[in-house]
Amino acid sequence: MRASQLFFPTLREVPAEAEMISHRLLLRGGFIRKVAAGIYDYLPLGYKVIKKIEKVVREEMDAQGAQEILMPAIVPAELYQETGRWNLDVLFRLKDRNDRDYSIGFTHEEVVTDIIRRDLRSYRQLPLNLYQIQSKGRDEARPRGGTVRGREFIMLDAYSFDRTWDDLDRAYDKMYAAFSRTFARCGLAPLVVEAESGAIGGKENQEYMVVADSGEDIILVCEKCGYAANAEKAEIGERPVKKSDDELQPLELVDTPNARTIEQVTSFLKRSPKKLVKTLIYKAGEQVVAALVRGDRDLNEAKLASMLGVKSVEMADPETILRVTKADVGFAGPVGLDKSVKIVADREVQGMMNFVVGGNKTDAHYINANIGRDFEVSEFGDLRVASKGDPCARCENTLTTVRGMEVGHIFKLGTLYSEKMGAGFLDDDGQEKPFIMGCYGMGVSRMLAAIPEVNSDQDGMVWPISVAPFEVVVILLNPDDEAQCNAATRLYEELQQQGVDVLLDERDERPGVKFKDTDLMGAPIQVVAGRLAGEGKVEVRLRSTKSKEEISIDDATAHVLELRRKLYQESEDKAQAVAVNPQLH
Ligand code: ATP
Ligand code: MG
């Protein structure tokens with residue numbers, strides 16, 4: 001490709017709306033353009049990167065025996081209705097001319113399960129893994145970071161079908177290898193973290209998190225034992241309770257007019273949120289539950305549900321709150337609560353004394369409340385969202401936090417979808433059994449941003465060779481100089497003949513502009529045909545280290561081929577090093 005013909009509208013100014021580094025660089029380099037919130041064009045360079053990421057994905061998925069299909073982007077409502085997902089907020093819904101409902105596919109568990117339910121009958125046809133690379137539509141509340149969180153985005157989604165749980169473990173390990181190898185080859189070294197399965201249920205699941213300050217997720221990490229989990233999931237270790245040796249103070253009901261939130265109560269009573277206990281009223285089925293956490297902590301609903309042995313909990317409605325607390329929302333507390341309510345508390349609350357709680361009376365709070373004297377707790381446990389400094393659940397260390405950007409999520413679904421959708425097979429004992437499923441999603445267009453988000457410098461993007469828009473850029477500094485022109489053209493043609501993806505920058509532009517554009521674009525190898533060409537030499541540079549070497553024109557092609565081979569070898573070495581799941585073996 002010749003740069004004079006390439007459409008890459010670079011920008012000198014940093015677009016005001018772009019906050020993330022990758023977003024700025026992709027816009028400046030002419031890789032993407034915004035069409036609407038969360039909806040982007042991929043221009044030639046951006047789309048080349050996407051296609052190269054997809055190529056790596058296909059190679060790794062195929063190597064694990066997965067088979068590529070393409071499911072429809074338009075999904076009839078009935079399929080999502082079968083599993084109760086038709087009403088999710090993220091669905092883009094549409095109607096046909098006959099008023100039938102459809103949505104743009106946002107993930108394809110139902111569609112793929114329908115394929116299998118129709119056409120797969122016997123255990124002999126298992127295991128099976130089907131994948132696709134496709135544009136998804138999700139009406140995200142907060143699209144951000146260019147292609148990081150789009151409303152239309154490209155995703156790899158794979159689905160495994162197995163006969164036994166052991167077979168699912170094997171299928172999952174294969175996808176672990178495919179995902180880990182893909183990320184390594186794309187220049188990413190994501191942390192693999194335990195994740196919450198949320199409403200989907202299921203067994204193990206892990207997220208691949210690229211560590212970046214701009215990431216939306218908070219990950220708890222133990223630097224000692226290697227435990228890593230999403231904040232939604234991270235367990236907090238149990239430690240002996242330290243009761244302070246303060247004297248018990250008398251319980252007192254005080255007026256707190258209009259003070260409902262923690263901030264309002266703490267500023268009104270002039271006490272630290274650490275001396276407050278929040279009382280959150282939930283419903284677990286018919287049971288009303290009061291969950292207590294320290295004032296500066298957040299309750300983790302998944303942990304509450306798991307303590308109560310239910311799938312999910314929901315916040316109680318205002319009528320229920322009024323019934324059990326006899327007060328408006330915002331004044332619930334454990335003292336004198338309706339007897340039908342079960343009181344549970346985060347372990348941290350066990351060590352607290354003389355704390356503030358809601359008064360179960362509008363505009364009032366108790367001060368100096370104490371467990372045992374003023375109310376009883378039926379169970380203590382790990383109920384709060386883990387935060388920095390919390391004890392590790394796997395060793396004696398404490399947890400730290402990093403921010404992460406989720407680029408992949410692998411999931412043992414089990415029989416959740418196959419049971420809801422009546423998808424089963426005949427086993428060798430003649431019994432009809434539900435398929436045991438896994439699902440595996442990777443954010444291909446999010447990777448277009450994640451890669452430069454963590455691989456860039458002050459001059460621009462630094463692409464790993466496997467997914468760079470070009471492997472090599474040959475810069476012809478002065479197109480009017482015959483020696484430079486001959487050298488550049490010769491190397492360009494020789495490299496092309498060797499199958500190298502090479503760009504020749506022969507534009508009629510100042511050298512400074514060419515260097516700037518080349519660095520911004522971030523191809524890993526640069527060959528400069530400049531003044532040295534008169535002496536029969538060119539300069540070969542590496543984008544990542546900025547190293548430069550003078551090489552004779554006759555040797556330059558062989559030299560570049562060797563550099564390219566080494567770069568691919570390095571990425572393959574990294575891929576091999578990460579292919580086994582250390583958390584499960
Ligand atoms: P997130 O928590 O970031 O919203 P998710 O849990 O909704 O992700 P999945 O449904 O598991 O994500 O999708 C699989 C992968 O697709 C994610 O790991 C992520 O890399 C990518 N992805 C999800 N939503 C988007 C989006 N709106 N834009 C771009 N990529 C996305
Ligand atoms: Mg999401």
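Note that ligands are numbered from 1 as they come in the structure, with each ligand's atoms numbered from 1 the same way.
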Atoms of ligand 1, numbered as shown, that sit under 4.0 Å from any heavy atom of M155: 13 (O), 14 (C), 16 (O)

Proximal atoms of ligand 1 relative to E140 (non-hydrogen, under 4.0 Å): 24 (N), 26 (C), 27 (N)

Any V148 heavy atom less than 4.0 Å to ligand 1: yes

Flag if over 12 foreign heavy atoms under 6.0 Å of CD, E216: yes

Side-chain donor/acceptor of K52 to backbone N/O of A468, under 3.5 Å: yes

Distance (rounded to the nearest 0.5 Å) between K233 NZ and Q206 CD: 10.5 Å

Contact atoms of ligand 1, heavy-atom distance to V407 under 4.0 Å: 18 (O), 20 (O)

Shortest reach to atom 26 (C) of ligand 1 by a heavy atom, considering only F411, F153, F106: F153

Ligand 1 to S445 polar contact by distance, N or O atoms, under 3.5 Å: no

Worked verdict on F153 versus R446 for side chain to side chain contact (heavy atoms under 4.5 Å, CB included): CA-CA 8 Å; F153 61 97; R446 182 174 287 183; over 6 Å; no

Closest to atom 11 (O) of ligand 1 (judged by heavy-atom distance), picking from K136, H409, E152, E207: H409

Any donor-acceptor pair under 3.5 Å from N455 side chain to M461 backbone: no

Region of T107 engaging ligand 1 - heavy atom pairs below 4.0 Å: neither

Atom pair CE (M442) and CE (M447), whose distance is rounded to the nearest 0.5 Å: 5.5 Å

Mode of R446 contact toward ligand 1 - side chain, backbone, both, neither (heavy atoms, under 4.0 Å): side chain

Within-cut-off N or O pair, G443 and ligand 1, under 3.5 Å: yes

Residue portion contacting ligand 1 (non-hydrogen atoms closer than 4.0 Å) for R138: side chain

Parallel, tilted or perpendicular: ring planes of Y176 versus Y208, cut at 30 and 60 degrees: tilted

Ring centroid separation Y80 to F106 under 6.0 Å: yes

Atom indices of ligand 1, in the order listed, that fall short of 4.0 Å to a heavy atom of G150: 26 (C), 27 (N), 28 (N), 29 (C)

